[in-house]
Asker: 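Please read through the structure below; I'll follow up with questions.
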2 protein chains.
Amino acid sequence: MDRRSEATTGDGTATEPAGPSPAGAAGAPRPTSRDVAERAGVSQATVSLVLRDRWHGRVSPPRAEAVREAARELGYRPNLAARRLRSGGTGTVLLVVPALTNEFFARVHAGAAAVAAERGMSVVLFPSPEGIGPAPDPFASAGATLDGVIASSMASRALRALRGGGLPLVMLDSDPEDTEAAATVNPDVPDGLRRVGGHLLAAGHRRIVHLAADIDTWTFRERGRALAEELASADSPLLATARAALDVREAAAVAGKLLATRPRPTAVVCDDDVLAAGACKAARRAGLRVPEDLSVTGVDDLALATAVEPELTTVRLPAEEMGGTGMRALLEVLDGGAPGTRVLPVRFVPRGSTGPAPTGSG
Amino acid sequence: MDRRSEATTGDGTATEPAGPSPAGAAGAPRPTSRDVAERAGVSQATVSLVLRDRWHGRVSPPRAEAVREAARELGYRPNLAARRLRSGGTGTVLLVVPALTNEFFARVHAGAAAVAAERGMSVVLFPSPEGIGPAPDPFASAGATLDGVIASSMASRALRALRGGGLPLVMLDSDPEDTEAAATVNPDVPDGLRRVGGHLLAAGHRRIVHLAADIDTWTFRERGRALAEELASADSPLLATARAALDVREAAAVAGKLLATRPRPTAVVCDDDVLAAGACKAARRAGLRVPEDLSVTGVDDLALATAVEPELTTVRLPAEEMGGTGMRALLEVLDGGAPGTRVLPVRFVPRGSTGPAPTGSG
DNA sequence: CGGGTTCGGTTATACGTATGACGCGCAGGA
DNA sequence: TCCTGCGCGTCATACGTATAACCGAACCCG
């Protein structure tokens, strides 16, 4: 009957709780720094100085406190548009990612947005559903003028479309040699894949295949390279490599063929968790048990890594930190610095999808 | 001395590359509407009129075209900060979601951002990692003044924290009776759960349990209600209900207990896909096959719904459309309208995780 | 032919903030 | 006594845009 009994508890019996909010559903104009000045009995300039913390030695402490109190009482909040207009910047950074709904990039965005918020800036995502493509002028479609761009895991050709804005560019998970970017922030994926390789070798696996992402970007090339190196160094080179788009169904189909080769591989290393989920699917369909008959590994540590059964052994990339570090790098560039390349550590996470190599078939 | 009077010297001549980009790595100042005006031989006001498409009957077509061409040649892009300052709005909308990295909300955000971009606005996400909690002043932490707020699936108590800004508020997936919101956009989840119930009943299931989200929000209450109603109408009431947080591991643990009850249920309806993945996990651990021994359903149709094996029967919620519709509703409110409640259709998606009820144990 | 009306523009100004350029009163030194 | 310097603040202005107010000229109609 009453599915929301608590909603009736009178929250606002009186008109206003004397709080900072101007309220007045429609038309209450927001207080300006001038209003604060008037209330505190000082000039608008003083308000600006105090509220921006640039008052040391220019405004006496008691007055400064008075200003702050007046601002609090009025619920004053500086007008970002005016501030930005005056100070030049737009306060907006564009984050370009290959796939908007991908959890990994959502985490990157979260990290970047958090750092941006500290500086009163905001991050807009490039709204194109599918990559950059023919570049319908990212800046226009973002609907905002921008201070800079952070681009993640982009194909080199798409990068070029991003250039031409003359905007500071920070690249994530991309070739540090790329001269287009003012800075680069990379997770140490090679290290991650070397550990994956080492883990499998230590478990006795000798017939290992690679399910690679069908995407020609630096980060995926590095993954393949690092894995191949690690295995070669143990005289147990990759048996085969196949490529699939980052889609579970396609990955399952491709992995199915990979598992049909003889001698059958005992482990499949995947470029990311989605591919790994596909590989697990293919294994089940082929009547193979994971990890008893086949070990599977991924990269990213997405939510689905723990959603599937068994849970995926994977390499956790510091997505939030990548976003945050990238944002900080961009801010440094905007301040005239030249941050260069940064490499972030990754974490190898062993879980249930890997086990000792099956014995009978060696 | 005006310190930038000499900037006008080379108005048309050769100082700038013909291309649209100002380039000049560091310091090329962006062209303003005044620059465009000068180049086109008109006044700044005319430029504004033309570029905002408000010139019909006020500027002659050839002149308008000249202005547009000058703008193109200079690579002119209006200064959003100035525009917003002048026109009052901030051009920024806050999107409040319970979990930033949740794929569902990423899709909501994508939909909202796309609509916002059409109007030159942008959407910032509330950067708090975990829900609203004690509300550390969302508006301040967003680092921006705002035109309005879109809040999704919030608990009523958290809502109250959002109020007090006096900002137009649009709710997604929430109680339409809630008087706090100017508009509400809901997916027709009850319909979805009725169909789930009908689907299972038609498949012969009579011992059905409900794995509910341990979250006290309207949308989840409705899911439980609709499911219970549908089953009751067929004289086959819910056997039991258990609650778990939206976490695969916890869901698996709770579902494990649920499956241990006798007589054993033949189907478990989950409030969302994450819970369903947990239920599948529990089933495997209990030695039950899905769907032969146990049918499982979810809601949302996240990526993981097709990542697990078997793929999940689920109800696809139109996340992008919710975001887009919510944004449009907010824009209408900002224009003085009163959109009220909208209900969006959902899609029932049968997949491999449901099948006929097992026969032997009836 | 003169007064309105329309067409095609311009001028001026305001939006709210940040900040360089100025006081102004007072203490201290010459 | 006058000048200097310093501590405290204020004044004025510019950022780039949108728009109300205005204005000359051509046109139209009686």
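Just so we're on the same page: letters track the sequence lines, and every chain starts at 1. Just so it is clear, the structure is predicted and the values come from calculations on it, not from any experiment.
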Asker: Output the rounded distance in Å from CG (A:Leu80) to P (C:dT17).
Answerer: 10 Å

Asker: Are A:Leu94 and A:Val96 packed together at the side-chain level, in the sense that at least one heavy-atom pair is separated by less than 4.5 angstrom?
Answerer: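 Yes, side chains in contact.
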
Asker: State whether B:Thr32 places a side-chain N or O below 4.0 Å from either non-bridging phosphate oxygen (OP1 or OP2) of D:dG16.
Answerer: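 B:Thr32 to D:dG16 OP1/OP2: no side-chain N or O under 4.0 Å.
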
Asker: How many Å lie between CZ on A:Arg34 and P on C:dT17, as a whole number?
Answerer: 8 Å

Asker: Distance from A:Arg107 atom CZ to A:Glu320 atom CD, nearest 0.5 Å?
Answerer: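 So the CZ of A:Arg107 and the CD of A:Glu320 are separated by 4.5 Å.
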
Asker: Could you state the CZ-C1' distance from A:Arg83 to D:dA14, rounded to the nearest angstrom?
Answerer: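 Atom-to-atom, A:Arg83 to D:dA14, this comes out as 17 Å.
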
Asker: Between A:Ser33 and B:Val59, who's closer to the 5' end of DNA chain C by nearest nucleotide?
Answerer: B:Val59

Asker: What does B:Ser48 touch in the nucleic acid at a heavy-atom separation under 4.0 angstrom: a base, only the sugar-phosphate, or nothing?
Answerer: base

Asker: Looking at B:Arg72 and B:Glu65, is there a salt bridge between them, counting it only when a charged N and a carboxylate O are closer than 4.0 Å?
Answerer: yes

Asker: Roughly, in whole Å, what's the span from CZ in A:Arg54 to P in D:dG9?
Answerer: 18 Å

Asker: B:Arg77 has an atom CZ; how far is it from atom C1' of D:dG16, in whole Å?
Answerer: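 So the two atoms are 15 Å apart, to the nearest Å.
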
Asker: Whole Å only: how far is the CG atom of A:Asn79 from the C1' atom of C:dA14?
Answerer: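 That distance rounds to 13 Å.
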
Asker: Whole Å only: how far is the CZ atom of B:Arg84 from the C1' atom of D:dC15?
Answerer: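 The answer, rounded to whole Å, is 16 Å.
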
Asker: Just how far, in rounded Å, is P of C:dT17 from CZ of B:Arg86?
Answerer: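 In whole Å, C:dT17 P and B:Arg86 CZ are 16 Å from each other.
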
Asker: Can you tabulate the close N/O pairs, meaning under 3.5 Å, that link protein atoms to atoms of nucleotides 10-12 of chain C?
Answerer:
{"residue": "C:dT10", "atom": "OP1", "partner": "B:Ser43", "partner atom": "N", "Å": "3.3"}
{"residue": "C:dT10", "atom": "OP2", "partner": "B:Ser43", "partner atom": "N", "Å": "3.0"}
{"residue": "C:dT10", "atom": "OP2", "partner": "B:Ser43", "partner atom": "OG", "Å": "2.7"}
{"residue": "C:dT10", "atom": "OP2", "partner": "B:Thr46", "partner atom": "OG1", "Å": "2.5"}

Asker: Are any of the side-chain heavy atoms of B:Leu49 and B:Arg58 separated by less than 4.5 Å?
Answerer: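 They are in side-chain contact.
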
Asker: Does the side chain of B:Ile150 reach to within under 4.5 Å of the side chain of B:Leu172, using non-hydrogen atoms?
Answerer: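 Contact flag for B:Ile150/B:Leu172 side chains = yes.
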
Asker: Between the side chains of A:Glu69 and A:Arg63, is the shortest nitrogen-to-carboxylate-oxygen separation below 4.0 Å, so that they form an ion pair?
Answerer: no

Asker: Taking atom CD of A:Gln44 as the centre, does the number of heavy atoms from other residues, nucleotides or ligands within less than 6.0 Å exceed 12?
Answerer: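 It does: A:Gln44 CD has more than 12 such atoms within range.
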
